[in-house]
2 protein chains.
Amino acid sequence: MATKRALRPTSKVLPEDGRAHNRAMLLQHLFHTGPASRAELARVTGLTRVTVSDLAASLIADGLVAELGPRAEGRVGKPGTRLRLRTDAFQIVAIDLTADTRLHGAVLDLSGDRKARKDVAVEGLDGDEALAAVLEFARELVALADRPLLGVGIGSPGVVDAHGTVIQAPNRGWYGVGLAETLSRALSLPVHVANDANAAVLGEFTFGAASASGVLVVTVGQGVGAGIVVDGALVRGHGDAAGELGHVTVVDERDDVDHAPLGRAQQCACGRRGCLETVLSVPALRHRIAGLDAAERDVALAAVGRRLGVALAPVVSALNLSEVILSGPPELLGGPLRDAALRTIRERTIPVIGTGLDLRMTRLEEDGTLLGAAVLVLSAELGFG
Amino acid sequence: MATKRALRPTSKVLPEDGRAHNRAMLLQHLFHTGPASRAELARVTGLTRVTVSDLAASLIADGLVAELGPRAEGRVGKPGTRLRLRTDAFQIVAIDLTADTRLHGAVLDLSGDRKARKDVAVEGLDGDEALAAVLEFARELVALADRPLLGVGIGSPGVVDAHGTVIQAPNRGWYGVGLAETLSRALSLPVHVANDANAAVLGEFTFGAASASGVLVVTVGQGVGAGIVVDGALVRGHGDAAGELGHVTVVDERDDVDHAPLGRAQQCACGRRGCLETVLSVPALRHRIAGLDAAERDVALAAVGRRLGVALAPVVSALNLSEVILSGPPELLGGPLRDAALRTIRERTIPVIGTGLDLRMTRLEEDGTLLGAAVLVLSAELGFG
DNA sequence: GCGCGTTAGGAAGGGCAACTTACAAACGTG
DNA sequence: CACGTTTGTAAGTTGCCCTTCCTAACGCGC
């Protein structure tokens, strides 16, 4: 009987908001399912053919949709003229600020295809300097676009609020930096910012065919982050800090539980000991396996995977996730580490939770955050993703 | 710049849906903030005074709202006539099926005040028998109502989907039982069902003043369950099984990490070993402290609290929760167990997560699930909670 | 006492969004 | 080739919220 509940109807809804929503539905469907006639769209959405025609006209006028000629298949009745999303008509600038020493960016079209890319090495920029460097970098990317730009999407390390203000990013020396507002003003374009791991999960969700009902992406690089989508929405958390998994304690003092000891809890950059980051970050993993032979290596990686599994089991259980995705160097994460993590989660959760779970490497290679940054723009400007 | 994103615009929105939403906003505000004039409501919601007047008229016509005379305070201008929610005008039947041997129910008004209650002892009913008993119990409660009923809300153990079908509830022998549909047909009333712990978190949220942005309720009784609200919405999970925290492994073999050993991992009813339920359920806790003096007792309870903290730390971190609420016998949970759990979570998470966190006992005593069941009805029938 | 500015509530009229009904065009089928 | 089917559009209706205007009720200052 229960259908849908908005626990907090927080802001007014006008008829025009409904129309915007319905327009986005059409785009969403064309984006995910490909070309379709007005009549098909009407059947799928539940709107009438008349209304869909009207909405389609506005989309065509905006240059977002184009007619594609009638369908060839022989069926009864007048063949419908199929509509397609003009994924080539607009472009998006996407920027990944994850790395400490490189700025990574691209110009993408609406289907996520890379039209141009740009990488720049930077050295230990801090505070305003770093902000200026990002702005300059964004300017250069904007200049590379050869179609109208929908906006700029940025995945940044640190805690980022819904308005695109970086609440804190210690590595950059950013505290309360209005990144979106600053860039938006300077570039005269919409700018959307999210935490890099949160962006990554959006990328997986839209371009990696991840499940809508419950995904967690673990990003492993210099540090460890996570982004979560449950029930079709990104989890932001009380202080916009959702996904801070890198600094959960996973190695206790005198920890010899799993017959493949990790040694004593290591000091972490955050000042505490035994954080997930101290065993799962790329530098930590490389250091751990340095000089080991293949067999020893597998044991060492599995031990880390087991720790990851122990930390993830309560999260997977609590949220009834259907998918956990690892993003990072596949030679480190893809083998014994992944296997051990999945096995551990299955062992430590009740079958109803663990059985339906998949744990896999990303299929987006290194572009998850970049694509996710584009999704920020897609969903904010066009209402879908 | 980013404002709000609906990652999955899934169904059409008509102007009348917008109106329903706006109506619910008014009710929501009157419910949580108390009486207000039309002009105040217009300012708060962003709607015009004209529109609010029109919506208010429809609410008055429906008997949900009444005028309350002008405000006494002397201020410039014409004093507005305040509107109040008629919390006494309708009633809700709420049923808590958590206990194995008792049916627990009440007739509540819209403010959660109990107008009648009913408890019935049942003995090991299974399958269809149990279903018949619940229906009969609901009938009796419906007969106790002396105002028009909005509907029936039920908190049930097990996995319950959004349509009120109990996917599985092993203790009841229910597998795929259309509880909501069956009762709705028999009673000719709207019936809404949710997992008992999920209902409990809704109860805390609406009647316990819990944070909207991130709460987790741990229900401790015969078993252990959990319900989660993040970003203002209940978490359902991929298979509607979100909150299954009771069967996460928390005690490993050879576990002597915390100098207050819990002994070897105990066998759990689910067939595995070392589940949270084997140390945190009420029977397990009572068994553990039986015959201990006060000091030993505190140590034993703290050891369990520490285990709970270890399991919750990754969840709190991943979701950036602001509140964890314990529901169950305060003499077991409220003291050293709570303290140890909170301390453990703080130790094992980065300060940005742990500092803002509160972990406390429920203030709803044993009625969390019952009130939550009422919230199911409130939010489904009137659109607020 | 009396105008004046301010606030609350309602009435009238307009614009927009989706609906229903009706129709022409284009296609297979018998 | 008539017929039913399907598509897309045109015309008119209904519903919802808006802007604009008006009246009522209050405090304030002269």
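Labels below follow one simple rule: chain letters A, B, ... track the order of the sequence lines, proteins then strands, and each chain is numbered from 1. Because the structure is predicted, anything quoted here is derived from the model rather than measured.
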query = What's the CZ-P distance between A/R82 and C/dA26, to the nearest Å?
reply = 19 Å
message = At a heavy-atom distance below 4.0 Å, what parts of residues 52-67 of chain B sit against DNA chain C?
response = B/S53
inquiry  = Distance check needed: D/dG15 C1' versus A/L14 CG, whole Å only.
reply    = 13 Å
ask   = Expressed in angstrom and rounded to an integer, what is the separation of A/E40 atom CD from D/dT6 atom P?
value = 13 Å
message = Walk me through whether A/V230 and A/V235 qualify under side chain to side chain contact (heavy atoms under 4.5 Å, CB included).
response = CA-CA 7 Å; A/V230 274; A/V235 176; 3.4 Å; yes
ask   = Have A/E381 and A/H192 got a donor and an acceptor in their side chains that come within less than 3.5 Å?
value = yes
task = Send over the distance from B/L83 CG to C/dG10 C1', rounded to a whole Å.
result = 14 Å
key: Nearest-nucleotide comparison on DNA chain C, the residue closer to the 5′ end among A/P79 and A/R19   = A/R19
message = By nearest atom, which of the nucleotides C/dT20, D/dT19, D/dC16 is closest to the B/T48 side chain?
response = D/dT19
inquiry  = Distance alone, cut at 3.5 Å: any donor-acceptor contact between the side chains of A/T81 and A/R38?
reply    = yes
ask   = With respect to the phosphate group of C/dG10, does any side-chain polar atom (N or O) of B/R38 fall under 4.0 Å of OP1 or OP2?
value = yes
inquiry  = The side chain of B/A39 is closest to which nucleotide in this list: C/dA8, D/dG8, C/dA18?
reply    = C/dA8
inquiry  = Side chain of A/L47 only, heavy atoms from C-beta on: which candidate in C/dG9, D/dC16, C/dA18 is closest?
reply    = C/dA18
task = Measure from CG on A/L26 to P on D/dG8 and round the result to the nearest Å.
result = 13 Å
query = Using a cut-off of 4.0 Å on non-hydrogen atoms, how would the nucleic acid contact of A/R23 be classed: base, sugar-phosphate, or nothing?
reply = nothing
request  = Calculate the interatomic distance between B/M25 atom CE and D/dC17 atom C1'; express it in whole Å.
outcome  = 14 Å
Smallest separation among heavy atoms of B/D62 and B/R23, with atom names = OD2-NH1, 2.9 Å
ask   = How close or far is atom C1' of D/dC18 from atom CG of B/N22, stated in whole angstroms?
value = 13 Å
Heavy-atom pair of closest approach, residues A/A374 and A/I92 = O-CD1, 3.8 Å
ask   = Looking at B/T51, does any N or O in its side chain come under 4.0 Å of the phosphate oxygens OP1/OP2 on D/dC16?
value = no
note = Rounded to whole Å, CG of B/D17 lies from C1' of C/dC19 at a distance of 13 Å
query = Given C/dG28, D/dT9, C/dA8, which nucleotide is nearest the side-chain atoms of A/V76?
reply = C/dG28
query = With respect to the side chain of B/K12, which nucleotide from D/dC18, C/dC19, C/dA17 is positioned closest?
reply = C/dC19
inquiry  = Using heavy-atom distances to pick each residue's nearest nucleotide on DNA chain C, tell me which of A/A20 and A/R49 is more 5'.
reply    = A/A20
inquiry  = Assess whether a salt bridge exists between A/R19 and A/D54, defined as any Lys/Arg side-chain N lying under 4.0 Å from an Asp/Glu carboxylate O.
reply    = yes
inquiry  = Is it the case that over 12 heavy atoms from other parts of the model lie below 6.0 angstrom from the CZ atom of B/R84?
reply    = yes
query = 5'-most contact on DNA chain D: A/V50 or A/K78, nearest heavy atom basis?
reply = A/K78
ask   = Is it true that B/D231 and A/R236 have a side-chain N and a carboxylate O under 4.0 angstrom from each other?
value = no
